[in-house]
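Below is one structure; the comments refer to it alone.
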Amino acid sequence: MDSTITAFRFTLSYAKDLVHDIDDADMAQMPHPGMNHPAWILGHLVLGADFVSLLLGGELDTDEQWMKTYGPGSQPIDDRSAYASKSELLSHMEQLYERAEKLVSSATEEQLASPNQTPFLVEQFPKVGDLLTHLLTTHPASHLGQLSAWRRCVGKKSVLGL
């Protein structure tokens with residue numbers, strides 16, 4: 001899982017770069033109806049990192065309200081007060097990314113090879129290790145792509161210089 005963890009570290013760094021110049025007050029701005037905004041995206045990625053613990057036999061750090069606001073099936077709204085502050089989102093993200101990295105680094109082959117018993121993407125990711133790889137790479141990458149598109153919609157430049 002070393003390469004997966006390297007990619008996961010990049011997603012945290014990239015997320016920070018993508019929001020560094022966004023004012024907290026603008027984090028729930030929706031330039032197009034139904035578009036995922038930065039506050040929802042960061043909260044959703046926090047939840048994804050938190051699921052790593054659950055998959056490896058631990059407890060969730062986030063609460064039921066977090067699940068309702070940022071979880072699968074939740075719909076972003078343009079009410080800034082409905083979301084955690086930018087600093088809280090980033091702080092929570094750093095903490096749970098660090099925890100996820102430690103948990104994955106110490107996961108056993110038996111844990112990684114065990115069946116995915118969640119209700120999430122079982123056909124696509126039949127083993128715990130498969131779902132972990134998704135949660136650490138393709139899941140954050142897809143949502144950070146949405147955040148990159150959001151930036152362009154509000155007139156901000158690429159952070160990768162491409």
In terms of heavy-atom contacts, I41 and L147 come closest through CD1-N, 3.7 Å

According to salt bridge (charged side-chain N to carboxylate O under 4.0 Å, His left out), who are the partners of K102, at least two apart in sequence or on a separate chain?
E98

Quick one: sort the H44 and H139 rings into parallel, tilted or perpendicular, breaks at 30° and 60°.
tilted

With distance as the sole test, does K86 use its side chain to make a donor-acceptor pair with the main-chain N or O of V19 at under 3.5 Å?
yes

Show the numbers, then the answer: is there a ring-ring contact (aromatic ring centres under 6.0 Å, His included) between W40 and H143?
CA-CA 10 Å; W40 184 88; H143 287 295; 5.6 Å; yes

Do you know the tightest heavy-atom contact between D21 and K156?
O-NZ, 3.1 Å

Distance from T4 atom OG1 to E101 atom CD, nearest 0.5 Å?
11.5 Å

Ring pair (Phe, Tyr, Trp, His ring centres under 6.0 Å): which pairs involve residues 47-77, sequence neighbours left out?
F51-F120, W66-Y70, W66-H92, Y70-Y83

Pairing residues for H32 by the side chain to side chain contact (heavy atoms under 4.5 Å, CB included) criterion, not counting sequence neighbours:
M35, C153

Do S158 and R152 make a side-chain contact, defined as non-hydrogen atoms from C-beta onward lying under 4.5 Å apart?
yes

When you check the gap from the basic side-chain N to the acidic O, do R80 and D24 get nearer than 4.0 Å?
yes

Okay, side chain of D63, backbone of Q65: is any donor-acceptor separation there less than 3.5 Å?
yes

Treating D50 as the side-chain partner and D61 as the backbone partner, does any N or O pair qualify as donor plus acceptor under 3.5 Å?
yes

Contact between K127 and L112 at the side-chain level, heavy atoms closer than 4.5 Å - yes or no?
no

Run the side chain to side chain contact (heavy atoms under 4.5 Å, CB included) check on L132 and L56 step by step: do they pass?
CA-CA 9 Å; L132 285 173; L56 294 173; 3.9 Å; yes

With distance as the sole test, does S91 use its side chain to make a donor-acceptor pair with the main-chain N or O of S87 at under 3.5 Å?
no

Got Q95 and V46 here, is their nearest side-chain heavy-atom distance under 4.5 Å?
no

For V122, check side chain to side chain contact (heavy atoms under 4.5 Å, CB included) against everything at least two apart and list the hits.
N116

For the student: nearest non-hydrogen atoms of P115 and V128, plus distance:
O-CG2, 3.6 Å

With S148, which residues qualify under side chain to side chain contact (heavy atoms under 4.5 Å, CB included), at least two apart?
Y14, L18

Distance check, rounded to the nearest 0.5 Å: L54 atom CG versus T118 atom OG1?
8.5 Å

Which atom names give the shortest non-hydrogen contact between L144 and A15, and what distance separates them?
CD2-CB, 3.7 Å

Minimum heavy-atom distance T62-L96, with the two atoms named:
CG2-CD1, 4.3 Å

To check you understand the geometry: which heavy-atom pair defines the closest contact between L89 and A84, and what is its length?
CD1-O, 3.5 Å

Go through it in stages, so that I can follow the logic: the residues are V154 and D26, the test is side chain to side chain contact (heavy atoms under 4.5 Å, CB included), and I'd like the CA-CA distance, side-chain angles, deciding distance and then a yes or no.
CA-CA 10 Å; V154 299; D26 296 329; over 6 Å; no

Side chain to side chain contact (heavy atoms under 4.5 Å, CB included) filter on D79, not counting sequence neighbours, yields I77, S81, A82

Quick one: does S53's side chain have a donor or acceptor within less than 3.5 Å of a partner on L60's backbone?
no

Decide side chain to side chain contact (heavy atoms under 4.5 Å, CB included) for Y97 and T11; before the verdict, give the C-alpha distance in whole Å, the side-chain angles of both, and the deciding distance to 0.1 Å.
CA-CA 10 Å; Y97 266 56; T11 65; 3.4 Å; yes

Which value, rounded to the nearest 0.5 Å, describes the distance between T137 atom OG1 and F10 atom CZ?
12.5 Å

Can you tell me how far CD of Q124 sits from CG of D130, rounded to the nearest 0.5 angstrom?
10.5 Å

Between the main-chain N or O of T69 and the side-chain N or O of S74, is there a donor-acceptor pair closer than 3.5 Å?
yes

Please check if M30 and L42 belong to a single hydrophobic cluster, counting links between Ile, Leu, Val, Met, Phe, Trp and Tyr side chain heavy atoms closer than 4.5 Å.
no

Are L12 and M93 close enough, and set up right, to give a side chain to side chain contact (heavy atoms under 4.5 Å, CB included), and what steps lead you there?
CA-CA 8 Å; L12 177 60; M93 191 175 195; 3.8 Å; yes

